[in-house]
Every structure is written in structure tokens, then in C-alpha cells.
Amino acid sequence: MEETGTMPASAKTDSASTFTDTLTAADTNMVSWTDKIYGSVSAYIHGLDVLNILKMVGLSLAVLLVLFVLYRLTNHIFLKVIDRRLLEHRGTWFKGIRFRNIDILSSAQLIRAALLTSRILRYAIYALLLYIALPLIFAIFPATRSLAGTLFSWIVTPVIAILQGFVAYIPKLLRIAVIIIVMRYILKFLRYFAQEIEAGRLVIPKFYPDWAHATYTLLRIFIIAFTIVLIFPLLPESESAVFKGVSVFIGVLFSIGSSSVISNMVAGMVITYMRSFKVGDRIKVGEVYGDVVEKTLFVVRVKTVKREVITIPNSAILSSNVINYSTEAHKEGIILSMDVSVGYDVTWQRAHELLIEAALKTGYVLPDPKPFVLTKTLADSAAVHSICIYTKHPDRQALIYAELNCRILDIFMREGIEMIVPAYDFLRNDKEKSTLPEEFRRQ
């Protein structure tokens, strides 16, 4: 009877063979690794040879020399060529940036910004040259070659990724370019169309020339907004959560902060199409009286007779009554009136005659239609007459009223009429003393 667990002779033979094969493979691998280590050590020792060390040092010095030459060349190009040309052409290349009457950037600020940009580029090139030189030097020495590969990968990997992304983005970029070019030419056509209407060379029934610029501005805003809507999905990372969050944030800020801007813009469009006034008209809005010198989409600027320029928001104009003195002035003329109190010792016929005579002697007053007088009020102390005149120069109102007052005084004094109130006449001590000047007293 065989003992339990006893291994047959054939099994023992197979196990011994397998074990022998395993030892043989291990010995072979060990010999291979030993050869590799020996070869590496031999190469390292060979690299420590004086001739090889001199070669590596020479190559390193050559790299440093090239780096120094490129550094000097870059320094010369920027300091002696670029910066000098910027300073020489400061009067022609940097004239400042102005928007209407506002200086956004002066010539000195622009030249300082250009010199600062040149300095930043120069330092960036210095850093790039140094970054390229270091891996080259590291690659020369065996002990630092792995570090050189790492440094090169830091540059090459992002550049390759950028180039691949740019190549993949080219179709969308071309679509954006086509959209911008098409919209640009549409805006050019609309601007030409508006200029022709504004100049009167193109007439559209029931479309006034002063509507052309406002209509073009409105269409331009809509076209630009439509262009942004078309381009937005084509922008890089437009589907990312960060991009969408920034877009929503900008939209919220715009909606909160632009309520008054939008109201003024809408009011400006309404005012334009209402044709309440145009540039050059003499108007009165509330307490503001003067000539319109500028109309924009948001405000109107009025120049008063004292040469004060007052800016009025369009929303304030839309909610106020606007008096335009120039609309009918160039056609039939407008009527200016002034009240004059005359005592009851002068008949109304005589008062009317003298007031009309004074009006006809006043400058900028039209003789036809002839001035007329209305007796407005019979007060306790005097009758109030209103002298009405026609003029085509509403911008000369101050001069007209001033001269008319002087003419009335001259004529009434010439006729011996004292323009005083009865209260003063009753209280004066010398009843014989007249208020008329000597040259106008009757003999």
C-alpha cells in the first residue's frame, strides 16, 4: 500500500527541470542587467575623460557666447532702433486719442505706453533666450540631459497644443471673418444711403433728411447686436460654464446699470422722429433758453445767450414742453411781445401810435407784417399795452427787446409823457419838477 502524499518519480523529474529553467532565465536576465549597468558606468567613466569634458565645456561656452550675442543684438534693436524711431515720430505716430471734445489719451501718454510695451517685449525676449539656452546647456552634460528634456517639454507641449487647437478652430474663425466682412459692407451701404438722404440727393416720400442719421444709428445698433449673436456660439470655449457665467454676469450688470441709458436712447429716437427741433434752432426747455448746438443719442446740448453750454438728458426733454422759436421764423417770422404800462393821462390811440412807431425803428423788426398793439389790462394805476412785433431773427431776442425799450423811452420822452406810476407822482414833493430829461421838456 502506497503512502499518502508521496510524489511519483516522473513528477519529481518535471519539477526539477522547471526549477532549473527558472534559474537559467534568472541568470540570463541578471547577466543582461549587469551588462547594461557596466555599459552605463563605462560610458559615464568615458565621459569623464578630459577631452570629453573639454568638449562639453567648449559647447557650453559656445552656447553662452551665442546667448550673449543675441542679448546684445536684441538690446541694440530695441534701444537704438525701435525706441529711437518711436521718439522721432512721436508727433506723427502718436497724436493722441480724442472722442468728440474729450481727451482720452494724450500724445505723451501714448508714447509712454509705446515705450513701456517695447521694454516688456525686450524683457520677454531676454527670458525666452535664457529659457532656450538652459536646456541646451543641460543637454550637453550626461547628468543633466533628463532635466533638459523636461524643460523642453514645458515649452513644446503647450505650443503643440495651441497649434492643434488653432488648426481645429480655423473653420469657425473663417465663419466669423465672413460674418464680420458681410456686416461691415452692409453698414457701409447703409451709411452711404443715409448720407445721400441727409444731403438731399436721395428723396424718399415722407422721410425727412434729419431722420437719416438717427435711423442709420438705430440700424447700426441692431446689426452689431445681431452680429454678436451670430458670432457668440463660434467663440472658443463658448459652451464652457465659465464663459456662460461671465456672459450672464455682464448681462446682469448691463441691465441694472443701463436703465437710464436705455431710456435716454429711446427718448432721443422719439425726439428725432418727432422733429421737435434741429441743430441751430433757438429753443426753450423748462428754464433753459438758447441755441441747439448738438444732438446725440443720449443728450442735447444747448448754448445760452451767455455762452453757457447746458447738457440736457433726452428723457428730461421728452417729459417737458419744448418751445421752438426757429421753426416758423424763417418762413413768416415769429411774434415777440412786450408789455408796457402807460398812465391814463394818455389815450389808448396815442399809446398805440407811439408804441408802433418805436417798434418800426427797432432793428430786426419786420415792417410787413406791421407791428400791432393789444391793450391787455386796465390796472388801478395804468393801462397795460402789449406791443407785438414780427421778426425772422429769434436768436436776437435780447437785442430786440433791449433796443425796443430804448426806442419806447425816447419816443415817450419826446412827446412829454412821463412813464411813472401815480403813487410816485402823488408822493413827490416838487409838483413842478418833471422826471423828463432837459432835452425832452416842453418849453
Side-chain angles (χ1 to χ4, degrees), residues 277-278 280-293 302-310 321-425 428 434-442:
F277 53 85
K278 61 181 182 296
D281 286 355
R282 173 65 62 92
I283 66 171
K284 183 177 182 182
V285 182
E287 299 297 326
V288 179
Y289 172 78
D291 297 323
V292 179
V293 294
V302 177
K303 187 176 184 180
T304 66
V305 293
K306 296 181 181 179
R307 297 188 179 276
E308 303 167 335
V309 178
I310 301 176
N321 294 326
V322 179
I323 301 175
N324 193 326
Y325 297 96
S326 302
T327 302
E328 298 296 330
H330 302 296
K331 300 177 183 178
E332 300 177 356
I334 64 170
I335 297 177
L336 302 180
S337 63
M338 186 177 68
D339 294 342
V340 180
S341 298
V342 182
Y344 287 111
D345 57 334
V346 181
T347 63
W348 67 267
Q349 294 90 343
R350 184 64 175 158
H352 287 199
E353 178 183 348
L354 296 177
L355 289 174
I356 291 175
E357 180 183 353
L360 291 175
K361 291 183 178 180
T362 304
Y364 302 109
V365 175
L366 297 176
D368 186 25
K370 186 178 179 181
F372 61 93
V373 181
L374 300 175
T375 302
K376 294 179 61 177
T377 307
L378 299 178
D380 295 337
S381 58
V384 180
H385 304 282
S386 179
I387 174 66
C388 302
I389 59 175
Y390 289 88
T391 181
K392 291 187 176 181
H393 299 275
D395 55 330
R396 304 284 183 174
Q397 289 189 45
L399 295 176
I400 293 173
Y401 283 129
E403 186 179 354
L404 180 58
N405 284 324
C406 295
R407 298 296 182 186
I408 290 174
L409 285 175
D410 289 343
I411 291 175
F412 274 60
M413 289 179 179
R414 184 196 68 193
E415 296 298 323
I417 300 174
E418 294 184 81
M419 301 184 69
I420 59 175
V421 297
Y424 173 80
D425 183 61
R428 62 183 174 177
S434 174
T435 59
L436 296 175
E438 289 291 338
E439 61 270 22
F440 290 112
R441 291 182 183 179
R442 293 182 178 177

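Small disclaimer: the values here were computed from a predicted structure and weren't measured. Just the heavy atoms: all of them, side chains too, but no hydrogens, waters or symmetry mates, feed the values below.
Screening residues 340-350 for salt bridge (Lys or Arg N to Asp or Glu O under 4.0 Å), with sequence neighbours left out, gives Arg350-Glu353, Arg350-Glu415. Under the salt bridge (Lys or Arg N to Asp or Glu O under 4.0 Å) criterion, the residue pairs touching residues 390-406 are Glu403-Arg407, with sequence neighbours excluded. Sorted by first then second residue, the salt bridge (Lys or Arg N to Asp or Glu O under 4.0 Å) pairs that include residues 281-290, not counting sequence neighbours, are Lys278-Asp281, Arg282-Asp291.
By the 4.5 Å heavy-atom criterion applied to side chains, Met338 and Asn405 are counted as neighbours. Contact annotation: the side chain of Phe412 approaches that of Leu355 to within less than 4.5 Å [non-hydrogen atoms, C-beta and beyond].
Ser386 places no side-chain N or O within 3.5 Å of a backbone atom of Ser337 that could act as its donor or acceptor partner. Judged purely by atom type and a 3.5 angstrom limit, Thr377 has no side-chain atom pairing as donor or acceptor with the backbone of Ala379.
Note that CD1 of Ile389 and CD1 of Ile356 are 12.0 Å apart. Values are rounded to the nearest 0.5 Å. Atom-to-atom distance recorded for Asp410:CG and Met413:CE is 7.5 Å, nearest 0.5 angstrom.
Remark: Tyr390 engages no residue in a ring-ring contact (aromatic ring centres under 6.0 Å, His included) (not counting sequence neighbours). Partners of Glu357 under the side chain to side chain contact (heavy atoms under 4.5 Å, CB included) rule, at least two apart in sequence or in another chain, are Leu354, Lys361, Ile411, Arg414. Among residues two or more places apart in sequence or in another chain, the side chain to side chain contact (heavy atoms under 4.5 Å, CB included) test is passed with Gln349 by Thr347. With sequence neighbours excluded, the residues forming a side chain to side chain contact (heavy atoms under 4.5 Å, CB included) with Val288 are Val302, Ile310, Ile312, listed by chain and number. Scanning for salt bridge (charged side-chain N to carboxylate O under 4.0 Å, His left out) contacts around Asp339 gives Lys376, with sequence neighbours left out. Applying the ring-ring contact (aromatic ring centres under 6.0 Å, His included) test to His385 and every residue at least two apart in sequence or in another chain returns His352.
Closest heavy-atom contact between Ile334 and Tyr325: CG2-O, 3.4 Å.
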